[in-house]
Amino acid sequence: MNLLIPSLLAAALAGGSATAAWGHGDEPHGDEPHPASAASADAGRVEAATDAFELVGRLEGSALVLYLNRYATSEPVAGATLELESGPLRAVATYQPDHGSYVVTEPRFVQALRRPGEHALVATVTAGQEADLLEATLSQAEDPAPEAAGPAVGAAAAAAALLIAAMGGAWAWRVRRRPTARGARP
């Protein structure tokens, strides 16, 4: 009987079961929700509200993107003047009518907010005849640790198992084809 085909089939099944073990991910196995990681849940986000305005924002790439709404109605406030202070740094947000957002791109200001820790922000809003000060804190977590190798290690293990099984099958095939002591084939 040729052992090469059963050996390769066993190796393929072993490799497939190894990849199925890590392909599932880290989803919970019940009705409980996914826990938010402490590093990503509120990292780089800011919220502030007064009786007149609500300001929410987050760090995106090399900018701080902000959304300004009327507090009572959640109606966007378009074209307001929005000035921000964080410690000794000041920046003016530019209104982006396409997105209905305000963007701060001043490099020193954004870089300071990207540093890990708590950053106090004061926003001065001037919209027509209304003016208001909003105070908030932007929390920036430490850079998360690199994730464990997970799937890459699983794939390497599956490949190694497949290689070992193929080598075993080739060895068994070679032994099987070797002539017996009398020179006859089995």
Side-chain angles (χ1 to χ4, degrees), residues 19 21-159:
T19 58
W22 56 263
H24 179 59
D26 63 346
E27 292 86 15
H29 293 280
D31 293 332
E32 62 272 358
H34 236 331
S37 77
S40 66
D42 293 324
R45 296 184 184 273
V46 63
E47 294 181 24
T50 63
D51 292 339
F53 299 107
E54 176 183 34
L55 181 70
V56 296
R58 67 177 176 217
L59 289 170
E60 291 183 8
S62 60
L64 174 63
V65 179
L66 301 159
Y67 296 90
L68 180 65
N69 296 328
R70 299 219 176 267
Y71 183 76
T73 63
S74 293
E75 172 191 353
V77 178
T81 301
L82 184 56
E83 299 173 3
L84 293 140
E85 295 179 32
S86 182
L89 300 174
R90 296 172 188 251
V92 176
T94 305
Y95 181 62
Q96 305 291 313
D98 299 347
H99 299 94
S101 63
Y102 294 82
V103 179
V104 176
T105 56
E106 201 285 310
R108 286 185 36 217
F109 192 85
V110 175
Q111 287 172 356
L113 295 179
R114 287 211 169 278
R115 290 189 197 109
E118 304 281 316
H119 304 284
L121 288 173
V122 177
T124 304
V125 177
T126 307
Q129 298 298 317
E130 295 179 274
D132 210 344
L133 289 176
L134 293 94
E135 295 182 23
T137 302
L138 183 137
S139 298
Q140 184 66 25
E142 295 285 335
D143 289 336
E147 289 190 26
V153 171

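No hydrogens, no waters, no symmetry mates; every other heavy atom, side chains included, goes into these values.
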State, to 0.1 Å, how close [X] and [Y] come at their nearest heavy-atom pair, and which atoms those are.
{"X": "Val104", "Y": "Ala91", "value": "CG1-CB, 3.6 Å"}
{"X": "Asn69", "Y": "Pro76", "value": "OD1-CA, 3.2 Å"}
{"X": "Ala127", "Y": "Val77", "value": "CB-CG1, 3.9 Å"}

Sequence-distant partners of Glu130, side-chain hydrogen bond (donor to acceptor under 3.5 Å, both in side chains), two or more places apart:
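Residues passing side-chain hydrogen bond (donor to acceptor under 3.5 Å, both in side chains) with Glu130: Arg70.
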Could I get the full list of side-chain hydrogen bond (donor to acceptor under 3.5 Å, both in side chains) partners for Glu118, not counting sequence neighbours?
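Once residues adjacent in sequence are excluded, the partners of Glu118 under the side-chain hydrogen bond (donor to acceptor under 3.5 Å, both in side chains) criterion are Ser139.
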Starting at [atom1] of [X], measure out to [atom2] of [Y] and round the result to the nearest 0.5 Å.
{"X": "Leu121", "Y": "Thr137", "atom1": "CG", "atom2": "OG1", "result": "7.5 Å"}
{"X": "Arg114", "Y": "Leu59", "atom1": "CZ", "atom2": "CG", "result": "4.5 Å"}
{"X": "Arg115", "Y": "Leu138", "atom1": "CZ", "atom2": "CG", "result": "13.0 Å"}

With sequence neighbours excluded, give me every ring pair (Phe, Tyr, Trp, His ring centres under 6.0 Å) pair touching residues 58-94.
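Qualifying pairs, neighbours excluded: none.
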According to the ring pair (Phe, Tyr, Trp, His ring centres under 6.0 Å) rule, which pairs have a member within residues 79-125, sequence neighbours left out?
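Of all non-adjacent pairs touching residues 79-125, those that pass ring pair (Phe, Tyr, Trp, His ring centres under 6.0 Å) are Tyr95-Tyr102.
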Residue pairs fulfilling side chain to side chain donor-acceptor pair (under 3.5 Å) with at least one residue in residues 83-92, sequence neighbours excluded:
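Residue pairs passing side chain to side chain donor-acceptor pair (under 3.5 Å), neighbours aside: Glu85-Arg90.
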Stepwise, does the side-chain contact (heavy atoms from CB on, under 4.5 Å) test hold for Val125 with Leu55?
CA-CA 10 Å; Val125 177; Leu55 181 70; 5.8 Å; no
Is Glu47 salt-bridged to Arg45, going by a charged N under 4.0 Å from an acidic O?
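Looking at Glu47 and Arg45, the cut-off is not met.
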So, using side-chain contact (heavy atoms from CB on, under 4.5 Å) as the criterion, who are the partners of Gln129 when residues are at least two apart?
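Not a single residue meets the side-chain contact (heavy atoms from CB on, under 4.5 Å) criterion with Gln129.
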Thr50: what forms a side-chain contact (heavy atoms from CB on, under 4.5 Å) with it, not counting sequence neighbours?
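By the side-chain contact (heavy atoms from CB on, under 4.5 Å) rule, Thr50 matches Ala52, Phe53, Asp132, Leu134.
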Any donor-acceptor pair under 3.5 Å linking the side chain of Glu54 with the backbone of Ala49?
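Not confirmed, Glu54 side chain does not pair with Ala49 backbone.
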Under the side-chain contact (heavy atoms from CB on, under 4.5 Å) rule, what do Val122 and Leu133 come out as? Steps first, then yes or no, please.
CA-CA 7 Å; Val122 177; Leu133 289 176; 4.2 Å; yes
Between Leu68 and Leu66, is a side-chain contact (heavy atoms from CB on, under 4.5 Å) present by the stated rule, with each step listed?
CA-CA 7 Å; Leu68 180 65; Leu66 301 159; over 6 Å; no
